[in-house]
Amino acid sequence: SANRVDDDDEVMVTGMVGDDALVDFPHPRHACAVFKFDASRHSQHCPNCWCYCCDQKAPCKDWAIHCDAKSGVAKWDQMRTRIQMSKAPQPAARPMPLY
């Protein structure tokens with residue numbers, strides 16, 4: 001029925017205050033609504049900014065470099081892929097068969 005109450009534990013966002021939901025939710029630095037990427041020092045970050053390259057809360061250990069990262073730019077997309085691949089679990093070595 002239309003008045004049924006869901007008893008599940010899922011979160012549903014029903015609205016927002018302000019011009020941009022990215023202010024209140026985690027986002028890559030280049031998508032920050034507090035410190036606009038094209039109008040501020042890239043090293044600035046709000047409490048919800050994350051490093052695009054290494055998927056860590058800003059500032060990451062390489063923030064002096066990573067703060068300039070932006071999706072859709074080959075240099076940064078490739079760096080992100082390299083970092084993500086280095087974090088991926090490596091397949092276990094297969095034991096040599098005993099004959």
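Values reported hereafter were calculated over all heavy atoms of this structure, with side chains retained and with hydrogens, waters and symmetry mates removed.
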**OP:** May I have the step-by-step check of side chain to side chain contact (heavy atoms under 4.5 Å, CB included) for Trp76 and Ser71, ending in yes or no?
**Re:** CA-CA 7 Å; Trp76 299 118; Ser71 68; over 6 Å; no

Name the atoms and distances for all side-chain donor-acceptor pairs under 3.5 Å in residues 57-70, with sequence neighbours left out.
| residue | atom | partner | partner atom | Å |
| --- | --- | --- | --- | --- |
| Lys57 | NZ | Pro47 | O | 2.2 |
| Trp63 | NE1 | Ser43 | O | 3.0 |
| Asp68 | OD1 | His42 | ND1 | 2.7 |

Subject >> salt bridge (Lys or Arg N to Asp or Glu O under 4.0 Å) partners of residues 41-50, not counting sequence neighbours, each pair once >> reply: none

Original post:
Should the heavy atoms of other residues, nucleotides or ligands under 6.0 Å from NZ of Lys75 be counted, would the total exceed 12?
Top reply: no

**OP:** List in chain and number order the residues that pass salt bridge (Lys or Arg N to Asp or Glu O under 4.0 Å) with Asp77, two or more places apart in sequence or in another chain; answer none if no residue qualifies.
**Re:** none

Original post:
Under the 3.5 angstrom rule, does the side chain of Arg80 hit a backbone N or O of Cys54 as a donor-acceptor pair?
Top reply: no

Original post:
Heavy atoms, side chains only, cut-off 4.5 Å: are Pro28 and Trp50 in contact?
Top reply: no

**OP:** Identify the residue among Cys46, Cys51, Cys49 that makes a side-chain contact (heavy atoms from CB on, under 4.5 Å) with Arg29.
**Re:** Cys49

**OP:** Quick one: pull up CD in Gln78 and CD1 in Ile83 and give me the separation to the nearest 0.5 Å.
**Re:** 12.0 Å

Original post:
Can you get from Val34 to Phe37 by hopping between Ile, Leu, Val, Met, Phe, Trp and Tyr side chains that sit under 4.5 Å apart?
Top reply: no

